[in-house]
Amino acid sequence: MDFNKQIIDEFRANNGQVGGYFEGARLLLLTTVGARSGRPHTTPLGYLPDGGERMLVIASAGGSPNNPAWYHNLRANPRASVETGVLGFDVEAEILEGAERDAAFARAVEGDPGWADYQAKTTRVIPVVALRVAGPPRSSAPSGGAYLRLVHDGFRRELALIRKELSESGRPGLGVQLRINCLTVCQGLHNHHTGEDTMMFPALAERHPSLAPTLERLAREHERVAVLVEELKRALSGEDPLRVRAEVERLGDELEAHLVYEEEQLIPILDLA
């Protein structure tokens, strides 16, 4: 419990980033309702991206004989909440069964053989739980500018993880989970830029007419990022990890230039608002 509290405190203090054993891992905080106590319980967990609206968590408990408490809590009450360091939101938990569970667990093992080691330690079938977003996102960012930077840093961290996974992959082709990780960040970028194009940019243009050239440039850069995202998707449809890596690098480099420019131009204005 003390170990978990240290991770939770560090996670919340650093917008989802922690050091030590979990440094560089995809980590979330899952808050469940105690099956017996009815009180909230927060647990740090590694997760697997599974598209834009779902994340997978694995009830390994380090390969112990019993399922962890958070899993029992979700069985009793599947409504829970998640913090990613960027956003928080309510989720609905679904315990995967049969072939769907087996495929998800195989994807996890493909990315980290340690999951197979945990399964080998116990006679129970380690459960896999899907957490589906069930409400609008929440943020504790103190200003619009701080929120924008948080979202941007989330994309930066995810692309850094994908680059690392591509460089460390010992497979001759592309793993299923690695493809999903790439497609999930592609979907996230599409959603983020669509929101900016249809809501934030028009609102800023109305309040700050002098921003017109900046917003026009940012909109053009969104179109360029969309082209790069489609190129990455095409690369993912093949079996050449070198091509995928090249497209990820190209997307990451051009996206970083876009994010830096947007932050320089918009954060001061958003913070004033």
Side-chain angles (χ1 to χ4, degrees), residues 1-8 11 16 18-36 41-51 53-80 82-84 91-133 158 161-162 164-184 239 241:
M1 292 180 65
D2 289 342
F3 177 68
N4 277 356
K5 185 178 185 306
Q6 290 175 10
I7 296 172
I8 292 166
F11 184 99
V18 300
Y21 181 78
F22 290 108
E23 184 173 1
R26 290 183 181 85
L27 198 67
L28 59 77
L29 302 184
L30 174 67
T31 299
T32 59
V33 176
R36 295 181 181 177
H41 293 273
T42 300
T43 308
L45 296 171
Y47 73 93
L48 304 177
D50 195 44
E53 299 297 321
R54 208 168 81 154
M55 295 169 289
L56 304 182
V57 290
I58 300 175
S60 66
S64 68
N66 301 313
N67 290 318
W70 63 261
Y71 174 79
H72 293 293
N73 293 345
L74 289 178
R75 284 185 63 89
N77 183 358
R79 296 286 294 191
V82 158
E83 300 167 55
T84 65
V91 295
E92 186 82 18
E94 176 191 0
I95 298 168
L96 303 187
E97 304 286 351
E100 186 179 16
R101 178 266 169 204
D102 294 344
F105 193 78
R107 282 162 38 198
V109 171
E110 180 182 74
D112 183 355
W115 295 111
D117 296 337
Y118 290 150
Q119 183 62 82
K121 290 180 180 179
T122 182
T123 57
R124 65 185 173 93
V125 176
I126 292 178
V128 179
V129 180
L131 303 173
R132 185 177 298 278
V133 176
E158 185 59 29
L161 281 170
I162 288 172
K164 182 173 181 285
E165 289 163 350
L166 282 165
S167 67
E168 293 179 351
S169 175
R171 297 173 56 89
L174 289 168
V176 176
Q177 186 59 46
L178 185 51
R179 291 177 192 272
I180 292 174
N181 295 347
C182 292
L183 292 172
T184 299
E239 286 294 334

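These numbers were taken from a predicted model, which means no experiment stands behind them.
- Side chains of Asn67 and His72 form a contact here, defined as non-hydrogen atoms less than 4.5 Å apart.
- Tyr71 has its side chain within reach of Ile95: a pair of non-hydrogen atoms, C-beta onward, lies under 4.5 Å apart.
- Residues Leu166 and Leu174 are in side-chain contact: their nearest non-hydrogen atoms beyond the backbone lie under 4.5 Å apart.
- Here the shortest heavy-atom pairing between Pro44 and Ile7 reads CB-CG2, 3.7 Å.
- Nearest heavy-atom pair, Ala61 versus Pro68, reported as atom, atom and distance to 0.1 Å: CB-CD, 4.0 Å.
- Not one N or O on the side chain of Arg107 forms a donor-acceptor pair closer than 3.5 Å with the backbone of Gly175.
- The OH atom of Tyr118 lies 10.5 Å from the CD1 atom of Ile58; values are rounded to the nearest 0.5 Å.
- Asn181 has its side chain out of reach of Leu161: every pair of non-hydrogen atoms, C-beta onward, lies at least 4.5 Å apart.
- The side-chain heavy atoms of Val57 and Trp70, taken from C-beta on, include a pair separated by under 4.5 Å.
- For the pair Arg75 and Thr32, the minimum side-chain heavy-atom distance is 4.5 Å or more.
- By the 4.5 Å heavy-atom criterion applied to side chains, Glu158 and Thr184 are not counted as neighbours.
- How far CD of Glu94 is from CD of Glu100: 6.0 Å, rounded to the nearest 0.5 Å.
- Expressed to the nearest 0.5 Å, how far CZ of Phe22 lies from CG of Leu45 amounts to 8.5 Å.
- The two residues Ala80 and Leu74 have their closest heavy-atom pair at CB-CD2, 3.8 Å.
- Minimum interatomic distance between Ile180 and Gly51 (heavy atoms only, all atoms of both residues): CG2-N, 4.1 Å.
- With values rounded to the nearest 0.5 angstrom, Asn77 atom CG is found 8.0 Å from Glu92 atom CD.
- Side-chain contact check for Gln119 versus Ser60: every heavy-atom pair is 4.5 Å or farther apart.
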Test side chain to side chain donor-acceptor pair (under 3.5 Å) applied to Asp2 and Gln6, step by step: CA-CA 6 Å; Asp2 289 342; Gln6 290 175 10; over 6 Å; no

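- The shortest heavy-atom contact between Leu27 and Phe11 is O-CE1, 3.5 Å.
- For Gln177 (side chain) and Leu48 (main-chain N/O), no donor-acceptor pair under 3.5 Å exists by modelled atom type.
- Shown here for Ser64 and Thr122, the closest heavy-atom pair between the two residues is O-OG1, 3.4 Å.
- Here the CG atom belonging to Asp102 is positioned 10.0 Å from the CG atom belonging to Leu96, to the nearest 0.5 angstrom.
- Atoms CD and CG, from Glu83 and Leu30 in turn, are 10.0 Å apart once rounded to the nearest 0.5 Å.
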